[in-house]
**Student:** 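Just passing along the structure, written as structure tokens.
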Amino acid sequence: MTLKNVYDVVVIGSGPGGLAAAVAAKKEGAQDVLIIERDVELGGILLQCIHNGFGLEIFKEDLPGPSYAQRYVKEAYSLGVEVLLDTMVLDITPQRKIYAASKRNGFIEIESRSIVLAMGCRERTRPQIRIPGSRPAGVYTAGTAQRWVNVEGYMPGNRVVILGSGDIGMIMARRLTFEGAKVERVLEVMSYLTGLTRNYVQCLLDFDIPLQLRHTVKRVIGNNHVEAIEAVQVDEKWNVVPGSEEIIPCDTLLLSVGLIPENELSRKAGVILDPVTGGPVVDDNFQTNVNGIFAAGNVVHVYDLVDWVTEAGYQAGKCAAAHANEVRRKEHHLIPLIAGNNVRYIVPHMLDKRNLEGSEIRLQMRVSKPVEQPVWLEVHDKNNLITRRAERYVRPGEMVTVVLKPDHFTDVNKADSLTIDVVPR
Amino acid sequence: MEEIQKLICISCPKGCSLEVTVDGDTVVKVSGETCKKGVDYAEKEITDPRRMIATTVRVKNGFHPLVPVYSLQPVPKPLIRDVLKELRKVELAAPVKQGSIVLENVLGTGVNIIASRDMPVS
Ligand SMILES: Cc1cc2nc3c(=O)[nH]c(=O)nc-3n(C[C@H](O)[C@H](O)[C@H](O)COP(=O)(O)OP(=O)(O)OC[C@H]3O[C@@H](n4cnc5c(N)ncnc54)[C@H](O)[C@@H]3O)c2cc1C
């Protein structure tokens, strides 16, 4: 695949949000659509979510994550969406220049008429929840463990404690049990379950994995590798309840303590973020404050259901295509106005020819030198005079105006540029 | 003798709390459901609890070392461990097609285990 310098729509990230955006952009008539993905294949986080429960809304089917993703991957390829894999987007400018890097292509610079941000979210890590104790190997986010176990074929350990009762943590409790590990405990600092009750039933209750609410990790124990954790009960203000400490021997601590939208790139592009969601502020077309930059999926706010991510991606992709088409139209029909003989400047500097079909366009200018005798202001396209206006005199201090009328459209439409000269009458 | 069991419906993400009145193995009454699936779930859960299974099997020469697989229908809950044991014995060879059968009629349950995605050759 040869990369183009300019695309209509570039989608960053290929999860369900990005895939839907690319598919919708193509269907809406965008010509050149490109997905840039840092992973080695398309699909995003769904590829490691091998459990069922996806697609109940859109397909009325109970699909595992990879099956759901594959439907959109196939559609994207069949519609001719271009794809750059194993490529990390490093920077985006408000002018919609994209800088990326990959082993294969080195440093890449691409321009796009529209951009859809679909970078998804990432998990909170240990520093963000400040767990005291030593810093041994064996502490991972639940999603990292999920990738290892479900995609790469590694087990993080054999005796596991999970901090946080989020869905990814509970799903991993069942998954690790399936693969022969013993999940000793799930600890939750809140007084309620933070994930779905249904996952509590089918992931924890079914396998007799104990859940302790209002409990947290007080300390991680171990030098090179986790040897145990100290669990503790907390009160409603999250203060430790003295005497409730318990040492739980284990070799792995998984964290399932929430997701944060991934928005470093958005910030660089000048996109305004909502401090509550952590994602871009968007309008009902999922456009951000930066013209032509759209955002969809978990990069905007963390969704419960992937079906809704797809829906948001569709809307963003559709509007991104409409925007790109508009930019293309302008690029195509936009011609410069050139200040010719004795004209200092003209405003506007450029005009969209199509606008002349329906309405007048006023060209305002100033002359460089005064001429105290009757003159013509002539508008021409290289050889042909298109229109002219008579003035009894012109002076730099007094702005003059020439009006282009719909009658002139046929002539203007043939022109690549328009020049205005001041000539004696 | 009638007794009341509390269940949480797992048919969809809503997770309705159900109160099920049972007499021995028969369900007399279900309450707390917000759709018909709740009643079906309660009947099934009392008489023949079943669960979907999703796991991975090894694949030779694959783009990844594992292929995710799942049961097309739920399997009896007491058989989960045995089904997993059967699947641990399986090794596929790439390329694998999504939807292809990995284990047919696993342990005589009538349920097929199928591949969740394509797995191209590495
Ligand atoms: C570990 C984990 C497990 C989850 N499990 C479930 C679940 O079981 N059920 C559920 O409904 N939801 C789950 N979710 C939520 C899930 O993320 C959403 O349902 C859905 O996948 C979001 O889609 P998305 O397109 O917004 O993002 P994602 O699917 O996360 O896709 C984002 C993509 O952008 C790429 N990307 C990011 N930054 C860059 C960059 N700079 N350059 C190039 N590419 C980039 C990433 O590699 C990724 O492929 C989970 C989320 C996580 C993090």
Side-chain angles (χ1 to χ4, degrees), chain A residues 39-43 46-54 56-57 60-71 73-74 77 85 146-155 167 171 174-180 193 195-207 304-308, chain B residues 6-18 32 37-38 41 45 49-60 62-78 80-85 87-88 91 96-100 113-120 122:
Chain A
D39 201 351
V40 291
E41 57 183 339
L42 298 180
L46 285 178
L47 297 178
Q48 67 182 57
C49 300
I50 64 165
H51 52 277
N52 291 73
F54 298 91
L56 288 166
E57 297 276 323
K60 309 286 173 225
E61 280 181 65
D62 188 0
L63 299 170
S67 305
Y68 186 96
Q70 190 165 317
R71 297 194 176 190
V73 171
K74 285 226 161 109
Y77 279 119
L85 292 172
Q146 191 179 43
R147 165 116 194 159
W148 285 356
V149 177
N150 292 347
V151 180
E152 297 179 12
Y154 300 107
M155 283 290 279
D167 289 313
I171 283 164
R174 173 178 63 183
R175 187 71 193 109
L176 289 165
T177 307
F178 275 12
E179 291 300 330
L193 196 73
L196 298 172
T197 331
R198 142 194 225 230
N199 283 332
Y200 171 63
V201 175
Q202 57 187 2
C203 298
L204 303 189
L205 275 188
D206 273 3
F207 303 96
D304 303 341
L305 276 185
V306 74
D307 311 62
W308 297 339
Chain B
K6 286 187 193 294
L7 290 181
I8 294 161
C9 180
I10 60 169
S11 308
C12 86
K14 258 192 214 155
C16 297
S17 298
L18 309 178
K37 279 189 193 155
Y41 173 78
E45 189 68 9
R50 286 176 177 244
R51 296 289 184 265
M52 295 290 278
I53 291 187
T55 182
T56 53
V57 299
R58 280 170 298 158
V59 58
K60 251 194 237 146
F63 185 70
H64 292 300
L66 305 169
V67 188
V69 300
Y70 71 110
S71 60
L72 255 184
Q73 291 90 32
V75 299
K77 202 170 133 185
I80 291 179
R81 272 173 207 277
D82 297 327
V83 171
L84 289 170
K85 215 183 263 170
L87 284 167
R88 226 165 268 140
E91 184 172 38
V96 176
K97 277 270 150 226
Q98 193 234 314
S100 59
I113 308 284
I114 66 167
S116 306
R117 58 167 286 182
D118 290 351
M119 186 55 67
S122 72

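In what follows, every chain begins at residue 1, and chains take the letters A, B, ... in the order their sequences are listed. Both backbone and side-chain heavy atoms feed into the values below; hydrogens, waters and symmetry mates do not. Note that the structure is predicted; figures quoted are calculated from it, not measured.
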**Student:** Tell me, for Arg58(B) versus chain A, whether the close heavy atoms (under 4.5 Å) come from the side chain, the backbone, both or neither.
**Tutor:**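 When you check distances to chain A, no heavy atom of Arg58(B) falls under 4.5 Å.
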**Student:** Picking from Gly99(B), Cys12(B), Cys9(B), which has the most non-hydrogen pairs under 4.5 angstrom with chain A?
**Tutor:**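 Winner by heavy-atom pair count: Cys12(B).
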**Student:** Measure from the side-chain N and O atoms of Gln70(A) to the backbone N and O of Asp118(B), and report whether any donor-acceptor pair falls under 3.5 Å.
**Tutor:**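 Flag set: sc Gln70(A) to bb Asp118(B) pair under 3.5 Å.
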**Student:** Is it the backbone or the side chain of Tyr154(A) that comes under 4.5 Å from a heavy atom of chain B, or both, or neither?
**Tutor:**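 No part of Tyr154(A) comes within 4.5 Å of chain B.
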**Student:** Among Gly153(A), Pro64(A), Gly53(A), Gly65(A), which residue has the highest count of heavy-atom pairs closer than 4.5 Å to chain B?
**Tutor:**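 With the most close heavy-atom pairs to chain B, the winner is Pro64(A).
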**Student:** Side chain from CB out, backbone as N, CA, C, O: work out which of these in Gln48(A) comes under 4.5 Å of a heavy atom of chain B, or both, or neither.
**Tutor:**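 Interface part for Gln48(A): neither.
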**Student:** Looking at His64(B), Arg81(B), Met52(B), which makes the most heavy-atom pairs under 4.5 Å with chain A?
**Tutor:**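 Top option by heavy-atom pairs under 4.5 Å: His64(B).
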**Student:** Please classify the contact between Ile80(B) and chain A as side chain, backbone, both or neither, with a heavy-atom cut-off of under 4.5 Å.
**Tutor:**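 The side chain, not the backbone.
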**Student:** For Ala115(B), check side chain to side chain contact (heavy atoms under 4.5 Å, CB included) against everything at least two apart and list the hits.
**Tutor:**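 Ala115(B): side chain to side chain contact (heavy atoms under 4.5 Å, CB included) contacts with Val67(B), Val96(B), Ser100(B), Val102(B).
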**Student:** Output the option from Asn52(A), Thr177(A), Asp62(A), Leu196(A) having the highest count of non-hydrogen pairs under 4.5 Å with chain B.
**Tutor:**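 Option with the top pair count is Asn52(A).
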**Student:** Which region of Leu205(A), side chain (C-beta onward) or backbone (N, CA, C, O), has a non-hydrogen atom less than 4.5 Å from a non-hydrogen atom of chain B, or is it both or neither?
**Tutor:**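 Nothing of Leu205(A), per the 4.5 Å heavy-atom cut-off to chain B.
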**Student:** Are the side chains of Ile8(B) and Gln202(A) in touch, meaning some heavy atoms are under 4.5 Å apart?
**Tutor:**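 No, side chains not in contact.
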**Student:** How close do Leu66(B) and Val149(A) get, heavy atom to heavy atom, and via which atoms?
**Tutor:**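 So the two residues come closest at CD1-O, 3.3 Å.
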**Student:** Can you give me the closest heavy-atom contact between Phe178(A) and Arg88(B), atom names plus distance?
**Tutor:**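 Scanning both residues, the minimum pair turns out to be O-NH2, 2.6 Å.
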**Student:** Quick one, Ile50(A) and Arg117(B) - any side-chain contact, counting heavy atoms below 4.5 Å?
**Tutor:**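 Counting from C-beta outward, Ile50(A) and Arg117(B) never come under 4.5 Å.
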**Student:** Of all the heavy-atom pairs spanning Lys77(B) and Asp206(A), show the shortest one and how long it is.
**Tutor:**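 Where Lys77(B) meets Asp206(A) most closely, the heavy atoms are NZ-OD1, 3.1 Å.
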**Student:** Could you check whether any side-chain heavy atom of Arg174(A) comes within less than 4.5 Å of a side-chain heavy atom of Arg51(B), counting everything from C-beta outward?
**Tutor:**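 No, every pair of side-chain atoms sits at 4.5 Å or beyond.
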**Student:** Should Thr197(A) and Lys14(B) count as side-chain neighbours, where that means a heavy-atom distance under 4.5 Å?
**Tutor:**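 No - every pair of side-chain heavy atoms lies 4.5 Å or more apart.
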**Student:** Taking Pro68(B), Ser11(B), Ser116(B), Pro65(B) one by one, which has the highest count of heavy-atom pairs under 4.5 Å against chain A?
**Tutor:**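 Ranked by heavy-atom pairs under 4.5 Å with chain A, first place is Ser116(B).
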